Amino acid sequence: LYAGKSDQGNIHKYSLSLEADSAIINGLISADGKGYGLNSGPGKGEYSESSSSSSGAGYGGLGAPGGAYTNPGITYGSLTKPIDLGSGGGGPSTWPSSRSTGGGAIFLNIINALKVDGVISANGERTTTSGSVGGSSGGSIWIITSSISGAGTIKAEGSIGGGGGGRIAVYYDSDSSSVSYRAYGRNLAGAGTIFLKPKQSGTGNYGTLRVVGTDITGQTPISSKITISNLVLGDGAWVTLSSDVNAAGDGEFSLSSGTATLEIPKGNILDFKTINIPSGTVLYAGKSSQGEVHTYSLNLEADSATISGL
């Protein structure tokens, strides 16, 4: 099932909003490349005529820079209720807008059971291999359901050429799934955000924020005012938290695999119940900024911690 085209201007130019009592997804629901086109969108990439280079678009993560002459596409939109379209990468204005198109927006409201053994996708697309065109950012996937099961894939990935990852949010009463969630950035772009939250409120139910990259990943700034229970980083993710991001002290901070870099503003402490750094993984404290000493540092608090990695 492909998301179709809408003629309502640039806001929700493409989207797919569905509601049902129950849903079984064994095939594909796709909004790939249904967002903003080349040089368009809130996180659009830039193009430099002097160097014939382009930067990638941002959304959930920053786009990749295109050398010294272009700035990366910025992040925007909601982490908890993602509805925005992905942006297009930078490129020559004479080229068709279809050369780099962001992911579209998918919203599913499933009253009872959702089973995903197929794929739900809102990836960015780039239809050229030219270095003059930057990658597009992934789009949005927002799901509300009573129960979620299955072993499929839900993804909002940036395209090759430096597109930043998109945003995914899933709300549920029960989760028995082994679904693979992916919001990768590509070619030095930042990973997108994945927010998974039980509908229940109270201890342990503030939600899990996941930012997982693809080995060498650009920056993912998070400035939303939010309290989380769990934080999962991995595979090269580089996450910069603002002072508006807090941990409730009732969940876990963990690395899924590989390495991750975490930047926390000076004076802020993230409070978790447990910290888990498995063997073979590495957590780096973020770099300082603006020449100040300890502008960023790594301040973590927990009841217990297992440090098998570094």
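What's counted below: heavy atoms across the whole structure, side chains too, no hydrogens, waters or symmetry copies. All values reported here derive from a predicted model rather than from experimental measurement.
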Please indicate whether Ile111 has more than 12 foreign heavy atoms, meaning atoms of other residues, nucleotides or ligands, lying under 6.0 Å from its CD1. yes
Is there a donor-acceptor contact under 3.5 Å from the side chain of Asn230 to the main chain of Glu252? yes
Can you give me every donor-acceptor pair (side chain of residues 184-202, partner residue at least two apart or in another chain, under 3.5 Å) with its distance?
from: Arg186; atom 1: NH2; to: Glu157; atom 2: OE1; distance (Å): 2.5
from: Asn187; atom 1: OD1; to: Gly161; atom 2: N; distance (Å): 2.8
from: Thr193; atom 1: OG1; to: Arg167; atom 2: NH1; distance (Å): 3.0
from: Lys197; atom 1: NZ; to: Gln200; atom 2: O; distance (Å): 3.4
from: Lys197; atom 1: NZ; to: Asn205; atom 2: O; distance (Å): 3.0
from: Lys199; atom 1: NZ; to: Thr145; atom 2: O; distance (Å): 3.1
from: Gln200; atom 1: NE2; to: Asp173; atom 2: O; distance (Å): 3.4

Using side-chain heavy atoms (C-beta onward) and a distance below 4.5 Å, is Thr306 in contact with Thr274? no
Does Gly88 offer a backbone N or O that forms a donor-acceptor pair with the side chain of Ser40 under 3.5 Å? no
Asp32 bridged to Lys34 by N-O distance under 4.0 Å: no
Do Leu300 and Ile264 come close enough that some side-chain heavy atom pair is under 4.5 Å? yes
In terms of side-chain heavy atoms, does Ser229 have a donor or acceptor partner in Asp250 at a distance below 3.5 Å? yes
Check whether Tyr171 reaches the backbone of Thr80 with its side chain - one donor and one acceptor, N or O, closer than 3.5 Å. yes
Leu62 with Trp238, same ILVMFWY side-chain cluster at under 4.5 Å: no
Is the shortest heavy-atom distance from the side chain of Pro92 to the side chain of Val133 under 4.5 Å? yes
For the backbone of Ser48 and the side chain of Ser50, can you confirm whether one donor and one acceptor N or O come within less than 3.5 Å of each other? no
Do Tyr36 and Ser136 pair up side chain to side chain, a donor and an acceptor below 3.5 Å, judged on atom types alone? no
Non-hydrogen atoms of Tyr59 and Gly77 that approach each other most closely: CE1-CA, 4.2 Å
Between Ile25 and Val119, is any pair of side-chain heavy atoms under 4.5 Å apart? no
Return yes if some donor-acceptor pair links the side-chain N/O of Asn299 with the main-chain N/O of Asn268 below 3.5 Å, else return no. yes
So does Leu233 get a backbone contact from the side chain of Arg210, meaning a donor-acceptor N/O pair under 3.5 Å? no
Is a side-chain donor or acceptor of Asp244 paired with a backbone partner of Ile226 at a separation under 3.5 angstrom? no
Give a yes-or-no answer on whether the side chains of Asp235 and Ser257 include a donor-acceptor pair shorter than 3.5 Å. yes
I want to check something: taking the side chain as every heavy atom from C-beta on, are Ile222 and Val239 in contact at a cut-off of under 4.5 Å? yes
Without swapping roles, check the side chain of Thr75 against the backbone of Gly61 for a donor-acceptor pair under 3.5 Å. no
Salt bridge (Lys or Arg N to Asp or Glu O under 4.0 Å) involving Asp303 - partner list, sequence neighbours excluded: Lys273
Ignoring hydrogens and angles, state whether a donor on the side chain of Tyr47 or Ser55 is under 3.5 Å from an acceptor on the partner side chain. no
Would you please name every residue forming a ring-ring contact (aromatic ring centres under 6.0 Å, His included) with Phe107, sequence neighbours left out? Trp142
Check for a donor-acceptor pair, side chain of Ser87 on one end and backbone N or O of Gly43 on the other, with a separation under 3.5 Å. yes
Any side-chain donor-acceptor pair under 3.5 Å between Ser254 and Asn276? no
For Gln219 and Thr240, test the side chains for any donor-to-acceptor distance below 3.5 angstrom and give the result as yes or no. yes
Between the side chain of Ser100 and the main-chain N/O of Gly89, is any donor-acceptor distance below 3.5 Å? yes
Taking the side chain as every heavy atom from C-beta outward, state whether Leu270 and Phe253 have any atom pair closer than 4.5 Å. no
